[in-house]
Amino acid sequence: MLPLEVTLVALLAAAVLAGLAGSYLGIGGGVFLIPFMTLVLGIDIKVAVATSLVGVIATSTGAASVYVRDHLTNLRLGMFLEVATTFGALAGAFIAVFIDRNALFVIFGIVVIYAASHMARAGGVPHAAVTDAGVSRSAERLRLSDQYTDKEDRSVHGYKVARPGAGFGISLIAGGVSGLLGVGGGFIKVPAMNMVMRVPMKPAVATSNFMIGVTAAASAFIYHSEGYLDPTLAGIIVLGVFAGTRVGTRLMVRAKAHRIKLVFSVFLAGIGIFMILRTLLTGVNF
Amino acid sequence: MNRLIFYVLRGGVVLAVVLIAIGLFLGLLNPDALPRRPADPGSILSGLLQMSPVGFIALGVIVMMLTPVIRVLLSVMAYLIERDPMYVLITAIVFVNLMVGIVLYLG
């Protein structure tokens with residue numbers, strides 16, 4: 001184990017980078033921070049997951065506040081899906097507390113590879129076509145359809161939400177992944193809303209950020225009461241990602257984002273493979 | 001309502017960051033007092049009074065974790081005022097899920 005000061009400074013730097021990467025790439029800091037904490041800093045993976053969750057709350061809450069103010073977030077859809085994500089998060093956290101650390105490593109590696117492949121894929125459905133085919137009765141009863149103002153083309157887009165049941169089921173899994181592995185889970189939630197539920201990309205991202213904070217909080221309190229949350233490490237991460245996201249949103253270099261994403265996704269996939277192989281081959285991890 | 005949620009979320013993050021920053025600064029002066037495990041509410045209170053890192057950092061982290069909870073509570077109240085029983089129920093379930101962990105911590 002490194003001396004405390006080195007660990008804290010290194011973690012701070014990593015958190016700033018994670019905040020930058022998160023706000024720029026759209027993939028959260030947890031996915032990068034946890035491998036860094038466990039593989040480089042030698043921190044217990046359960047502690048890493050717990051502290052990462054607090055950082056996830058920080059990033060997503062900051063972003064969500066802006067999206068809500070700009071009326072991009074679909075509040076009802078978010079609250080509806082949060083029922084699923086919070087149940088999943090509680091389950092995930094309880095499982096993580098009792099599960100073997102090696103198993104956590106392998107599962108994390110697998111999910112990281114999936115997240116990397118998601119980041120490598122381009123786009124999504126920007127504006128869903130508002131067709132009446134595929135209008136769901138339950139979505140109507142839940143009043144999930146909404147509208148948002150796109151700042152770029154300055155027009156209001158309405159959309160209807162499809163397949164709330166499927167979205168709910170996927171959100172259960174997203175919550176479980178978040179609670180188990182300390183990640184935000186946006187790489188599951190956004191496609192679930194955008195591709196399965198036909199929500200346009202911008203409100204999908206906004207609503208996902210809205211949900212991630214609540215989901216992470218649900219599991220974070222479990223880790224906290226089980227004693228796995230290191231407040232000092234968590235505090236460092238919060239400061240770091242806060243600074244990182246502030247800088248990240250000012251970086252207006254949007255060009256070639258796709259190429260950078262590709263590079264990062266390969267790097268991320270490599271980390272995932274490394275985590276899996278290291279655990280399976282040496283069988284020693286903490 | 002959207003405005004209020006925005007202020008609560010923003011305010012929560014800022015408050016947490018400020019508390020943590022103060023705590024870490026105090027921790028620079030006294031690294032042994034840095035909290036490495038969750039503290040119970042009593043220790044946090046006494047830590048605050050003694051200007052110890054324990055109090056500020058631990059409180060800042062808890063504020064961060066509570067910010068989404070407060071937001072959900074606001075939503076429950078908003079739907080109560082709007083007389084929207086379906087969404088009062090939905091938001092209340094989410095709130096209860098959040099309380100599971102909080103109750104475990106306090107209990």
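Below, all heavy atoms of this structure are taken into account, side chains as well, without hydrogens, waters or symmetry copies. Below, chains carry the letters A, B, ... as their sequence lines are ordered, and counting in each starts from 1. Bear in mind the structure is a predicted one, so any value in this text is a computation, not a measurement.
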> So, A:T232 side chain and B:P35 main chain: donor-acceptor pair closer than 3.5 Å or not?
Replying inline: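 Looks like yes, one N/O pair under 3.5 Å.
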> Contact part of A:F210 toward chain B, heavy-atom cut-off under 4.5 Å: side chain, backbone, both or neither?
Replying inline: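 Contact with chain B is through both the backbone and side chain of A:F210.
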> Is it the backbone or the side chain of A:L239 that comes under 4.5 Å from a heavy atom of chain B, or both, or neither?
Replying inline: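 Interface part for A:L239: side chain.
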Per-pair distances, 0.1 Å, donor-acceptor, side chain in residues 46-61 of chain A, under 3.5 Å, sequence neighbours excluded:
residue: A:K46; atom: NZ; partner: A:A96; partner atom: O; Å: 3.1
residue: A:K46; atom: NZ; partner: A:V97; partner atom: O; Å: 2.9
residue: A:K46; atom: NZ; partner: A:I99; partner atom: O; Å: 2.8
residue: A:T51; atom: OG1; partner: A:V47; partner atom: O; Å: 2.9
residue: A:T51; atom: OG1; partner: A:A48; partner atom: O; Å: 3.1
residue: A:S52; atom: OG; partner: A:G182; partner atom: O; Å: 2.7
residue: A:T59; atom: OG1; partner: A:G55; partner atom: O; Å: 3.0
residue: A:T59; atom: OG1; partner: A:V56; partner atom: O; Å: 3.1
residue: A:S60; atom: OG; partner: A:V56; partner atom: O; Å: 3.2
residue: A:S60; atom: OG; partner: A:I57; partner atom: O; Å: 3.4
residue: A:S60; atom: OG; partner: A:G213; partner atom: N; Å: 3.1
residue: A:T61; atom: OG1; partner: A:I57; partner atom: O; Å: 2.6

> Under a 4.5 Å heavy-atom cut-off, does chain A meet the side chain of B:Y7, its backbone, both or neither?
Replying inline: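 The answer is neither part of B:Y7.
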>> Quick check on B:S75 against chain A: is it the side chain, the backbone, both or neither that has a heavy atom closer than 4.5 Å?
In response: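 Contact with chain A: side chain only.
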>> Before you tell me yes or no, could you show the steps for B:V69 and A:F221 under side-chain contact (heavy atoms from CB on, under 4.5 Å), namely the whole-Å CA-CA distance, both residues' side-chain angles and the distance that decides it to 0.1 Å?
In response: CA-CA 11 Å; B:V69 181; A:F221 276 110; 4.0 Å; yes
>> Closer than 4.0 angstrom, basic N to acidic O: yes or no for A:R143 and B:E82?
In response: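 Here A:R143 does not pair with B:E82 in a salt bridge, since their nearest N and O are not under 4.0 Å apart.
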> Can you check whether A:Y228 reaches B:R37 side chain to side chain, under 4.5 Å on heavy atoms?
Replying inline: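 A side-chain contact under 4.5 Å is absent here.
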>> If you define the side chain from C-beta out and look only at heavy atoms, does anything of A:F242 sit under 4.5 Å from B:V13?
In response: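 Yes, side chains in contact.
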Using a 4.5 angstrom heavy-atom cutoff, name the option from [options] with the most pairs to chain A.
| options | result |
| --- | --- |
| B:N97, B:I90, B:V61 | B:N97 |
| B:T67, B:V103, B:V100 | B:V100 |
| B:I57, B:L28, B:L4 | B:I57 |
| B:R3, B:M65, B:M99, B:M86 | B:M65 |

>> Strictly less than 4.5 Å between heavy atoms, which residues of residues 68-80 of chain A line up against chain B? Please order them by number.
In response: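 Under the 4.5 Å heavy-atom cut-off, A:V68, A:R69, A:H71, A:L75, A:R76, A:M79, A:F80 qualify.
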> Which one of B:V94, B:V72, B:I93 satisfies the side chain to side chain contact (heavy atoms under 4.5 Å, CB included) criterion with A:T86?
Replying inline: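 So the option named by the test is B:V94.
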>> Let's test your reading of the structure: which of A:V83, A:I222, A:V214, A:V66 forms the most heavy-atom pairs below 4.5 Å with chain B?
In response: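 Sorted descending by pairs with chain B, the first entry is A:V214.
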>> Which residues pass the side-chain contact (heavy atoms from CB on, under 4.5 Å) test with B:F56, not counting sequence neighbours?
In response: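 side-chain contact (heavy atoms from CB on, under 4.5 Å) check on B:F56 returns B:L19, B:I22, B:L26, B:L48, B:M51.
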> Would A:I236 and B:I20 satisfy side-chain contact (heavy atoms from CB on, under 4.5 Å), going step by step from the backbone distance to the final call?
Replying inline: CA-CA 8 Å; A:I236 294 261; B:I20 291 172; over 6 Å; no
> In Å, rounded to the nearest 0.5 Å, how long is the span from OG of A:S225 to CG of B:L104?
Replying inline: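 Nearest 0.5 Å value for the OG-CG distance: 4.5 Å.
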>> If you compare all heavy atoms of B:A58 against all heavy atoms of A:P231, which two are closest, and at what distance to 0.1 Å?
In response: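 Reported closest heavy-atom pair: CA-CB, 4.3 Å.
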>> Test of understanding: with side chain to side chain donor-acceptor pair (under 3.5 Å), list the residues that count as partners of A:D230, not counting sequence neighbours.
In response: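 Partners of A:D230 by the side chain to side chain donor-acceptor pair (under 3.5 Å) criterion, ordered by chain and then number, come out as B:R36.
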